[in-house]
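As structure tokens, the structure follows; a few thoughts come after it.
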Amino acid sequence: MLDDRERCFLESLARCRPLLRSCALGDTPPPHGYQLHAALSKTGLLFLSSISSNISTALFHMYAALGPPASALRAFEEIPVAARFTPDWTALISCHIRHALPSRAILFFRSMLRAGASPDEVTLIALLSASARLSDNFSGDAAHLLFFKLGLPFTAASCNAAMDMYAKSSRMDEAWKLFKEMKNPTIVSWTIILTGALRWEGLRSGQEVFDRMPQRNDVAWTVMISACIEAGRPRDALGLLGEMLFDGVHMVWLNHVSMCSLLSACSQAGDLTVGRWLHTHFIKTTSFANNYKDHLLKVNTALIDMYGKCGRVDNALTLFERMPERNIVSWNAMLSGLSMQGMGLRVLHLFTRMVTEGEEQPDDITMVNVLSACSRSGLLEEGRSMFQELSLIYKITPKIEHFACMVDLLGRAGCLEEAESLVRAMPMQPNEVVLGSLLASCALHGKLELGRKLMQELVQLYPDNTEYHVLLSNMFAASQRHTEADDLRMVVKNRGIQKTPGMSFIEINGIVHWFTAGDKTHPQTIEIYTMLGEIVRRMNLAGYTIDAASQNSRVADNYLENGDEREEREQALLVHSERLALALGLISTKPGVTLRIVKNLRICSDCHSAMKLCASIFEREIIIRDRNRFHCFKAGLCSCSDFW
DNA sequence: GTAGGGTTAG
């Protein structure tokens, strides 16, 4: 007769294999599996030789499915050597791939062969996947060959895995060859080819593949959307959202990956309206799948980034504080949002909180955010000590990004000799960002000779970029050295200027209005230009004089194309795209309403002064996001303290 | 077992 205790053991024994299996499949929350493991070892059942190999295998598969890989490996080692079969090895390999450890996965594949186990189709697909992630031609080719050597079926899934390996190893010709030989390519096959085509052959070629796809699912759409974002075309990405939601008869759902991509497009484009729509949509449609916590973390982080970059750092903060779980990326996104608003002290405060609470260890990106916040807010001493702490306390090897921030911080503060020494002492070659930043500081502080030297270095490194000639020419002009200034302008004129046209938009009642410099295509053009005249009149009354020589901004839209005449240049300044957006904003909204403008380039210093004045004349808060940061103009002042 | 995300420097 069994007593209750024994009966209970036997019952749990009968149940534990299916229970472990359901943990592995994600049907049961992981704690149940872990508790079962604990119970099995505590009661000694795990060590009964008659059942242990079965149970230990089931336990291992649970850990292999859930991770972390170290636990999976520990559990694997509990399986008797003679009882380690092909699926067990495969699960061990796949577990390492899923946790971004492809090289360890390949090592385990070798151990598997040494142990005498024979790979099957699934093992080889895993090996192909590991090789793809590493762009490892050697193991990739070996995996492909083994299908034929071992006489294993080369199914659509195998072929897909091989194509993906070739595509990720920059061997698109091989990938295409396999694709063209396929009788029935699946949507996965198409998506692999689409991804590969986009990465080597470009947006156009990818678009051709996309157009030829017999069907498209959420993954295919997300691939296209992400490609637009990578190419710096966030509006195209958002255009695809519209197409995706009305893709004929197919209803495509936004999953957490597409959510993150689209939110990133909103961040880039500064599109708060679509960003908010996505937020609402996410709240309404999110399903509580077993991995929803992970999805929630990622989408929340993307939302923090979106709100930060769309000028609603307040919403970003609320979301950040309410998040059930945060990781280093969430902290970094929050720090970056505050930094873009010039809230340097709040960045330092949040950083201190992060370190003291010990929730996450700062990484290199955290430190870039902190240093650039110091630079943007002119926190010289704070930045200096953070740069020291970077390696001393946080054990991070400074990268070129960190040096770039320091050079910028020192240069803006007028410590140009120190900035230059740092550039020369850096363990790596200075790049365009570092030299360009120093050159801009020379322009700010009128250091002509150092500026000239830097420009020569920049021209040698980046001969196609004429932006530096413009910058230096402006420096000479500002110092009344017109001959040198004109010489440089001639170089630019002869070589042609390659520059993105300046564009701004303002959103009014959910409609986005775009402007280029001197734009006259808007239906309300007459009213807009009338308002511009009124703005100039009121600014003149307030004692404003245009300062065309001071437009030595790093990039100003419509610059130089408008001829060399002073009046023409002045005229061009008056119709910069952000001013047109401002004029429309002023005539289309009620008094006192905050105006939010997004510009694709840096705001020029003249428009910057004009915006400060307009904010006080018209008693409006004007928020402009330019390429680098936010400017909040209020009562004659800007949040950047004229330091940008 | 095969396809797609997030945070960073002028």
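Because only heavy atoms are used, hydrogens play no part in the values below, and waters and symmetry mates are left out as well, while side chains stay in. The chains referred to below are lettered A, B, ... by the order of the sequence lines, with proteins before strands, and numbering in each begins at 1.
- Contact between the side-chain N/O atoms of A:R627 and the OP1/OP2 oxygens of B:dG10 is not found at any separation under 4.0 Å.
- A:F154 is linked by a ring pair (Phe, Tyr, Trp, His ring centres under 6.0 Å) to A:H144, A:F147, A:F148, counting only residues two or more places apart in sequence or in another chain.
- Residue contacts for A:A157: at a heavy-atom cut-off of 4.0 Å it reaches a base atom on one of the strands shown.
- In this structure, A:M224 atom CE and B:dA3 atom P are separated by 19 Å, rounded to whole Å.
- With rounding to whole Å, A:N327 atom CG is found 14 Å from B:dT8 atom P.
- When atom types are taken as modelled, the side chain of A:S264 and the backbone of A:C260 share no donor-acceptor pair closer than 3.5 angstrom.
- At a threshold of 4.0 angstrom between heavy atoms, the contacts of A:H402 with the nucleic acid are absent.
- Among the heavy atoms of the strands lying under 4.0 Å from A:N255 is at least one base atom, whether or not backbone atoms are also near.
- In this structure, A:N332 places its CG atom 11 Å from P of B:dA9, rounding to the nearest Å.
- Regarding A:M340, its CE atom lies at a distance of 13 Å from the C1' atom of B:dA9, rounded to whole Å.
- No donor-acceptor contact under 3.5 Å links the side chain of A:K298 to the base of B:dG6.
- Not counting sequence neighbours, the partners of A:S205 by the side-chain hydrogen bond (donor to acceptor under 3.5 Å, both in side chains) test are A:E201.
- For B:dG6, the glycosidic angle deviates from 0 by more than 90°, giving an anti base.
- For the pair A:S336 and B:dT8, the criterion of a side-chain N or O lying under 4.0 Å from OP1 or OP2 is met.
- Using a 4.0 Å heavy-atom cutoff across all strands shown, A:N217 reaches at least one base atom of the nucleic acid.
- Close to B:dG4, at under 4.0 Å from its OP1 or OP2, lies a side-chain N or O of A:K168.
- The pair A:K453-A:E420 counts as a salt bridge, with a side-chain nitrogen and a carboxylate oxygen less than 4.0 angstrom apart.
- Between the P atom of B:dG4 and the CE atom of A:M213 lies a distance of 13 Å, rounded to the nearest Å.
- Within a 6.0 Å sphere centred on CZ of A:R233, other residues, nucleotides and ligands contribute 12 heavy atoms or fewer.
- Among the heavy atoms of the strands lying under 4.0 Å from A:V433 is at least one base atom, whether or not backbone atoms are also near.
- No engagement by A:D120 is indicated, since no non-hydrogen atom pair under 4.0 Å with the nucleic acid exists.
- Checking the phosphate oxygens (OP1, OP2) of B:dG10, no side-chain nitrogen or oxygen of A:R629 falls inside 4.0 Å.
- Residue side chain A:N369 does not reach the base of B:dA9 through any donor-acceptor N/O pair under 3.5 Å, judged by distance alone.
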